[in-house]
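Below is one structure, written out as structure tokens; the observations come after it.
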Amino acid sequence: MWRRWALAVVVAVVLPAIAEASSAYPTFTQFGGKPYSVSYDKRAIQLNGDPVLFISGAIHPPRGTPAMWRTWLDEAVSNGLNMVQVYIFWNFHEQTEGTYTFSDRGNLTDFMHAAADAGLFVNLRIGPYVCAEWTYGGLPAWLGQKAGVEFRQSNPIWQPAMEKWFNVIVKQMAAGQFFATQGGPIVLVQVENELPKTDMSYVQWCGDMAHAALSAVNVTVPITMCNGETANNTINTCNGNDCSNYLETHGQNGRVLIDQPGLWTENEGGFQTWGGAPPPGKEPYFWGRSMADQALSVLKWFARGGSHMDYYMWTGGNNYGRWTGDGITHMYAVDAIVCPDGHRHEPKFTHTTKMHNAISTCASEIASHPAQLDNAQSLDGKGQAYVYGNCAFIEHTKEGSDTVTLKGHSFDLHGVTALIVQLDSGTVLFDSAASSTSTSHREVSSAGKLGPFKTWSEPLSGVNADTYYPSTSLFSATTPMEMTNITAALTTFAYYETVLSARVSAGGKVALPTFESMAFELFVDGKKFGEVEDYTHGNGGSKTLSVVVEDDVPAGSSLVLLAEELGYANYGFKSQVKKGLSGQPSINGQALTASWKMRGGLAGEHLELYTLGGSGKVPWSPTVGVSTTAGVWLQTEFSTPSGVTDGPGATQLLLHAIGLGRGRFWVNGNEVGRYYTLERNDASACPADGSSCPTQQYYHVPAAWLVDGPNLLTIFEASGATDLTSVGLATAAMESGAGIDVDPSKVVSCEM
């Protein structure tokens with residue numbers, strides 16, 4: 001209790017007051033750790049029989065550190081949320097079958113305690129398929145390797161595995177007393193996720209299995225299924241960037257606002273892929289949304305009778321380690337209300353805080369009246385109003401300004417906007433299209449260049465390379481093996497090696513049969529002679545990637561392919577997702593016939609070169625010149641810049657990757673993840689003067705991974721660095737004073 005009120009005092013100086021708790025817009029703190037019931041009717045979720053509203057934010061624990069969680073949760077309270085929504089990533093917690101990891105970034109128990117301490121309810125989305133732009137959609141690769149498995153349908157391999165995992169999580173949450181009927185913060189549980197058309201027996205099995213899992217531990221909360229097929233004993237919920245039409249058509253099961261409440265599990269804010277760019281650039285889905293557009297969608301939702309809304313994402317964090325979905329950047333949801341480094345995305349943070357305060361002010365009126373979906377009042381053809389007692393939502397869908405009158409009060413409207421107003425006084429509590437001015441803004445500053453670097457080259461072929469690998473990572477076959485069979489998805493790299501039986505003339509074409517979102521570096525007799533990459537964000541389909549040979553290659557030459565998977569597909573699959581080579585490469589249309597040797601992972605990974613102990617296992621050399629070839633390790637040390645720490649508003653550390661190519665990096669043994677300086681597809685959206693820039697140039701390094709003395713930075717440069725003298729550090733800090741003016745109708749993202 002003390003922690004919650006102490007936070008409110010601090011933030012009231014710089015923001016509108018935190019949304020005031022009420023019976024219709026409660027905080028978890030109000031329930032004092034005592035058991036309470038969760039039920040629902042067609043209007044809303046009910047706590048102890050009282051209808052309530054929820055404004056929620058999606059947070060993914062593994063995309064942060066435990067110290068970052070606490071910053072996120074405190075900022076969620078400051079932003080006026082009363083709930084957080086959490087996906088559970090099966091493949092993060094069970095990377096090898098039967099071995100569970102629930103420590104550090106996977107410590108769900110600690111996360112639930114932190115959410116409860118912050119006074120936030122929890123919507124627990126177990127899945128176990130979750131999509132989430134997370135590799136394999138959260139499913140473990142080892143399950144995909146089982147013969148006969150078919151995901152997300154009636155299948156004798158999939159269903160028992162899914163049920164076992166679902167029960168592992170339910171039992172763990174029950175053991176921690178985290179469900180509402182135990183006095184904990186969890187009020188909703190989701191099974192499956194965005195389930196497309198499939199056999200209805202499986203759909204109903206999902207609902208029955210989930211209810212049985214809760215019943216087995218003597219807890220009761222509503223079960224949801226989102227944006228797709230829905231069991232008859234679960235609540236259908238909406239995902240999208242405008243779910244007002246979903247309410248108007250009574251959901252995908254025809255029951256929403258009939259006998260089920262309107263729950264919006266994903267008010268989507270977009271995500272980023274390599275090579276993508278914000279508007280006017282292109283993304284396979286979309287990069288982000290303006291604060292006016294997102295706020296408009298929220299008001300339209302509550303106006304029509306929705307009672308729960310979740311921002312997906314509220315903060316995206318970062319894809320630390322090797323967990324990105326195919327083609328997805330290291331930063332996740334860079335346009336969210338909180339930036340990937342934990343700083344407020346201003347003025348979007350201030351704008352949405354005002355809106356949340358307005359909704360909480362009217363929560364009792366909204367929740368105590370029936371949904372006004374079918375009772376919109378026309379305002380002289382200029383707009384429409386949805387009235388809830390003394391509060392009303394006014395919508396204006398036309399371009400240009402207008403003035404409307406409601407209950408004797410005149411209201412000025414921007415083009416395409418929504419207001420929430422109090423009718424007794426005529427007070428406008430919030431206007432979705434109005435500008436919001438923050439009292440601070442995020443500033444990225446250089447913290448100096450890195451170096452000098454020392455280097456060690458990966459051994460590419462022959463017996464010398466094999467000596468660095470355990471026997472379990474060495475394979476041979478007459479045809480190339482699928483990559484997951486080599487790596488077990490425990491690394492993003494694999495080597496394929498063969499001997500060319502015939503001469504290859506300059507101008508010849510090497511064709512590699514593979515899959516979406518793969519990169520290959522090609523070496524002949526230890527020298528790079530080509531590279532090819534595909535960064536498609538798709539469903540893991542087949543691809544053929546080709547390289548033109550520039551010089552003659554004699555017969556008997558060693559051909560080595562360094563394969564790198566750029567993430568497994570996270571949607572659109574029902575069976576094993578494959579990586580690496582799918583068959584024999586060909587030269588000028590003629591398939592190779594030689595046998596292959598394969599190695600899982602990098603030699604440097606097996607040696608753990610990124611740790612202090614592993615670093616001494618190889619003879620490093622000084623770098624020569626400013627560039628490097630492909631397949632090299634780089635290492636240097638740096639001191640933590642002054643002021644970098646954890647906490648709301650604290651200075652954060654970034655790696656500035658300009659000068660590098662594509663690879664991975666570690667700090668003090670912690671795998672930060674992939675960097676890739678691929679240019680955006682539209683330079684007009686670059687932060688500087690419109691010159692070209694990478695999709696992402698800054699990479700967040702968690703403060704918890706830094707030390708007081710020298711920090712060890714280790715880089716594996718897969719494709720070759722262009723200018724090591726440009727590689728450096730930067731800091732991101734919240735600077736006080738007037739915020740930067742932003743057109744509320746434009747997409748303006750956190751600079752990464």
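In this text the structure is predicted, and so the values were computed from the model without any measurement.
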Checking S692 against E679: is there a side-chain donor and acceptor pair closer than 3.5 Å? yes
All heavy atoms of F89 vs all of P62, minimum pair found to be CD1-CG, 3.8 Å
Quick one: are D293 and S745 in side-chain contact, heavy atoms under 4.5 Å? no
Donor on one side chain, acceptor on other, T352 and N79, under 3.5 Å: yes
Please report the C-alpha distance between S749 and V747 in whole Å, then the side-chain angles of each, then the deciding distance to 0.1 Å, and finally whether the side-chain contact (heavy atoms from CB on, under 4.5 Å) criterion is met. CA-CA 6 Å; S749 304; V747 176; 4.0 Å; yes
Check: M752 and Q697 side chains under 4.5 Å, non-hydrogen atoms: no
Is the gap between the ring centers of F573 and Y136 under 6.0 Å? yes
Between Y320 and H330, does the ring centroid distance fall short of 6.0 Å? yes
Go through the steps for T491 and E605 under the test side-chain hydrogen bond (donor to acceptor under 3.5 Å, both in side chains), then give the verdict. CA-CA 9 Å; T491 170; E605 287 180 306; 2.8 Å; yes
Work out which heavy atom in D74 is nearest to a heavy atom in P648; give both atom names and the distance. CB-CG, 4.2 Å
Salt bridge flag under 4.0 Å for residues R442 and D341: yes
Between Y535 and W274, is the ring centroid distance below 6.0 Å? no
Check for me whether the distance between the ring centres of F286 and F271 falls short of 6.0 Å. no
Do we see a donor-acceptor contact under 3.5 Å between the side chains of Y495 and E458? yes
Exactly one candidate in T135, L566, N570 meets side-chain contact (heavy atoms from CB on, under 4.5 Å) with D326; the answer is N570
Would you say that L653 contacts P641 through its side chain, given a criterion of any heavy-atom pair below 4.5 Å between the two side chains? yes
Assess, by modelled atom type and distance only, whether the side chains of N319 and W134 contain a donor and an acceptor separated by less than 3.5 Å. no
In terms of side-chain heavy atoms, does E443 have a donor or acceptor partner in H441 at a distance below 3.5 Å? yes
Do Y496 and L559 have side-chain heavy atoms sitting under 4.5 Å apart? no
Mind checking the CG-CD spacing from L561 to E531? Nearest 0.5 Å is all I need. 13.0 Å
Rounding to 0.5 Å, atoms CG (L713) and CD (E637) come to a distance of 10.0 Å
Are there more than 12 heavy atoms of other residues, nucleotides or ligands under 6.0 Å from atom NZ of K527? no
Heavy-atom closest contact (P284 atom, T273 atom, distance): CD-OG1, 3.3 Å
Evaluate salt bridge (charged side-chain N to carboxylate O under 4.0 Å, His left out) for R322 paired with E671, printing each intermediate quantity in order. CA-CA 8 Å; R322 49 185 166 75; E671 186 176 12; 5.0 Å; no
Does the side chain of E75 come under 3.5 Å of the side chain of T71 through a donor N or O and an acceptor N or O? no
Output, in order, the C-alpha distance, side-chain angles, deciding distance and verdict of salt bridge (charged side-chain N to carboxylate O under 4.0 Å, His left out) for K348 and D335. CA-CA 9 Å; K348 184 176 278 191; D335 198 52; 2.9 Å; yes
Contact between Y698 and L655 at the side-chain level, heavy atoms closer than 4.5 Å - yes or no? no
Candidate pair R662 and E533, rule salt bridge (charged side-chain N to carboxylate O under 4.0 Å, His left out), full reasoning: CA-CA 11 Å; R662 185 191 71 252; E533 55 200 8; 2.7 Å; yes
Would you please indicate if the ring centroids of H537 and Y571 are separated by under 6.0 Å? yes
Side-chain contact, heavy-atom cut-off 4.5 Å: Y311 with Q294? yes
Quick check, are the ring centers of W666 and W705 under 6.0 angstrom apart? no
Could you tell me if the ring centre of Y87 sits under 6.0 Å from that of H60? yes
Verify side-chain contact (heavy atoms from CB on, under 4.5 Å) between T714 and W633, making sure each step is shown before the conclusion. CA-CA 7 Å; T714 307; W633 290 84; 3.6 Å; yes
Run the numbers on E482 and K579 for salt bridge (charged side-chain N to carboxylate O under 4.0 Å, His left out), then give the verdict. CA-CA 6 Å; E482 186 274 328; K579 287 293 178 180; over 6 Å; no
Do F92 and W323 have ring centres separated by under 6.0 Å? yes
Please tell me if the side chains of P140 and E94 come closer than 4.5 Å, counting only heavy atoms from C-beta onward. no
Regarding T628 and E717, is there a side-chain donor-to-acceptor distance under 3.5 Å anywhere? no
Would you tell me whether Q652 and H343 have side-chain atoms, one donor and one acceptor, within less than 3.5 Å of each other? no
Looking at R599 and E497, does any basic side-chain N land under 4.0 Å from a carboxylate oxygen? yes
Ring centres under 6.0 angstrom apart (W456, Y468): yes
Nearest-0.5 Å distance that lies between atom CG in L545 and atom CZ in F520: 6.5 Å
Can you tell me if NZ on K449 sees more than 12 non-hydrogen neighbours from other groups inside 6.0 Å? yes
Separation between OG of S719 and CG of L660, rounded to the nearest 0.5 Å: 9.0 Å
Do other residues, nucleotides or ligands put more than 12 heavy atoms under 6.0 Å from E550 CD? no
Any luck finding a side-chain donor-acceptor pair between Y332 and E133 under 3.5 Å? yes
Side chain proximity check, R674 to T324, heavy atoms < 4.5 angstrom: yes
Take I337 and W314 through the test side-chain contact (heavy atoms from CB on, under 4.5 Å) and record every step on the way to the result. CA-CA 5 Å; I337 292 171; W314 179 80; 3.7 Å; yes
Using 4.0 Å as the upper bound for N to carboxylate O, is an ion pair formed by E521 and K528? yes
Decide yes or no on side-chain contact (heavy atoms from CB on, under 4.5 Å) for L712 and V667, but give the supporting numbers first. CA-CA 6 Å; L712 182 67; V667 172; over 6 Å; no
Which heavy-atom pair separates P61 from V86 by the least distance, and what is that distance? CD-CG1, 3.6 Å
For the residue pair S615 and Q635, confirm or rule out a side-chain donor-acceptor distance under 3.5 Å. yes
Side chains of E283 and W287: do they bring a donor and an acceptor to under 3.5 Å? no
Go through the steps to decide whether N711 and S639 satisfy the test side-chain hydrogen bond (donor to acceptor under 3.5 Å, both in side chains), and finish with yes or no. CA-CA 6 Å; N711 294 280; S639 297; over 6 Å; no
For P66, does its backbone N or O pair with a side-chain atom of R70 as donor and acceptor, under 3.5 Å? yes
Tightest non-hydrogen contact, residues D534 and S517, listed as OD2-N, 2.8 Å
